[in-house]
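Just below is one structure, and these are the notes that go with it.
Residue numbers start from 1 in every chain, and the chains themselves are labelled A, B, ... in the order their sequence lines are given, proteins ahead of strands. Heavy-atom basis, side chains included; hydrogens, waters and symmetry copies ignored.
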Protein chains: 2
Amino acid sequence: MQLYYLHADYQMNTKTVTAANTKLINTRQQIVEYSADMLRANGFEGFSYLDISRHLGITKASVHHHFPKKVDLGLALCDWTQDWFEQGLSHFDARATSNWNKLERYVRAAMKHSLNEHKLCPISAFYSDLNKLPDSIKERVKALDDYELDWVTAVMQDGIDNDEFAPNQDPRALASLFIFSCKGALYYARLHGKDLFHQTMKQFEHLLKSS
Amino acid sequence: MQLYYLHADYQMNTKTVTAANTKLINTRQQIVEYSADMLRANGFEGFSYLDISRHLGITKASVHHHFPKKVDLGLALCDWTQDWFEQGLSHFDARATSNWNKLERYVRAAMKHSLNEHKLCPISAFYSDLNKLPDSIKERVKALDDYELDWVTAVMQDGIDNDEFAPNQDPRALASLFIFSCKGALYYARLHGKDLFHQTMKQFEHLLKSS
DNA sequence: ACCAGCCTACTTACCAGTAGGTAGGCTGAT
DNA sequence: ATCAGCCTACCTACTGGTAAGTAGGCTGGT
């Protein structure tokens, strides 16, 4: 995968060459990082170049230097999200003891993310402003959805094949049911607390295993 | 329930008294109606007083006359949503032939709303800008959530009691699972089309009935 | 060793347009 | 005479975006 925000690979050079230079810790990366936080808190329309500039102590124009249009920043955030998912999911794959445990780890990560850090899943965050998003970002969001759905579908399929989950079910429909429930519960948790989240996931486990 | 946007009940009078007066068809109501459309398309932060004024052919200041602050409009939209749910759900209650049929009608209405009219559920719409919403609106949204969840919970409870749904399940967790799945699927349908929606709901039906 | 030329990173100073909101005045129906 | 309903005109703050310029590092030719 070609990372959009690394198309200018000089970044690597400056970082290694001027190792002693501590004052510049890669402004570009910091912009993406802060934007990712803001995205997950308020959506893509929910933060501005002014917000970023104030947070980093630079000017608005300087942010525009790194990301000329906001759509450029949006695409960089899609790359960031792709990375975030790849890292997370491969981590689950490597450590989980069963297919259900993979889903458990996914849920636990989502819960920590939502309830402790008060953030949304970055994909859901994009959905907040979907109608106002440029097409190029919509396409990327769709691809991110598919990436996530494919992973969960594979887990469901393997779980069914190994008699871990109830048989005769559509693994893709099961996967979407899981993801929707999970993300819906995350939304609700922001207003209603985590009790409903736990209940819902317990219920899903019951339905998935004992059919 | 005292309706916020009817606290000025003169509205009724102008409508009946000046029946011949066709030019003024209740501006206040029109503002709420258009705002409700915009809310369900882009969220509460996704439309402005300027949008409303342009759509109705009046000035921005004139909109402010009816709703001095945007939070006033927001609360009126909460009332509108409450009405919308009360009407819809009591309609389902009156006509449904079974508990599952109630859920079917709910899903069908949601689908029509989402796929034909390209709108979100108004509650979900508020969630898009949750962090930027004033507390007074957050409270109302929470109450709206509870109202909806209570209805679905009652349907689940009755379905379990009448052996329509699988026994030994937590009706409230079942209800939240249903609502989350439904709303999640609605979100996804905006980018991915309705196939996944149908699959997911079919899967839910299977899990609900044959456990 | 020098320096021109180019690069990144950042600045100040703008732009038009929009956000929510306000003050005060006109009009027409009761 | 009152007052809802609407207007013009205005405000401050902010939106994404641009133009022009500066400081300093890197590189290649002489």
**OP:** Consider the side chain of A:L50, meaning its heavy atoms from C-beta on, and name the nucleotide among D:dG17, C:dT22, D:dC14 that approaches it most closely.
**Re:**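 Given the options D:dG17, C:dT22, D:dC14, the side chain of A:L50 is closest to D:dC14.
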Nearest-angstrom distance from the residue atom [atom1] of [X] to [atom2] of [N]:
X	N	atom1	atom2	answer
B:Y49	D:dA13	OH	P	20 Å
B:K70	C:dT18	NZ	P	15 Å
B:H64	C:dG20	NE2	P	7 Å
A:I137	D:dG16	CD1	C1'	14 Å
A:D72	D:dG16	CG	C1'	12 Å
A:N42	D:dT15	CG	P	12 Å

Original post:
Of A:K69 and A:D51, whose closest DNA chain D nucleotide lies nearer the 5' terminus?
Top reply: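 Taking each residue's closest nucleotide, the earlier one in sequence belongs to A:D51.
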Subject >> Sequence neighbours excluded, every pair satisfying salt bridge (Lys or Arg N to Asp or Glu O under 4.0 Å) that has a member inside residues 102-115 of chain A >> reply: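 Passing the test, one end in residues 102-115 of chain A: A:D93-A:K102.
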Original post:
So which pairs with a foot in residues 173-188 of chain A pass salt bridge (Lys or Arg N to Asp or Glu O under 4.0 Å), sequence neighbours left out?
Top reply: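 Qualifying pairs, neighbours excluded: A:E148-A:K183.
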Original post:
Looking at B:H66, does any N or O in its side chain come under 4.0 Å of the phosphate oxygens OP1/OP2 on D:dC6?
Top reply: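 Result: yes.
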Original post:
Looking at A:K70 and A:F44, what are the two nearest heavy atoms and their distance?
Top reply: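 A:K70 and A:F44 have their closest heavy atoms at NZ-O, 2.7 Å.
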Original post:
Can you name the residues that form a side chain to side chain contact (heavy atoms under 4.5 Å, CB included) with B:K138, not counting sequence neighbours?
Top reply: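 By the side chain to side chain contact (heavy atoms under 4.5 Å, CB included) rule, B:K138 matches A:L191, B:L130, B:L133, B:D135.
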Original post:
Who pairs with B:T200 by side chain to side chain contact (heavy atoms under 4.5 Å, CB included), at least two apart in sequence or on another chain?
Top reply: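 In terms of side chain to side chain contact (heavy atoms under 4.5 Å, CB included), with neighbours along the sequence ignored, B:T200 is linked to A:S176, A:L177, A:F180, B:L196.
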**OP:** Go through residues 53-63 of chain A and report each residue with a non-hydrogen atom lying under 4.0 Å from DNA chain D, sorted by number.
**Re:**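 Output list: A:K60, A:A61.
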All N/O donor-acceptor pairs, side-chain side in residues 114-126 of chain B, below 3.5 Å, sequence neighbours left out:
residue: B:K119; atom: NZ; partner: B:D37; partner atom: OD1; Å: 3.3

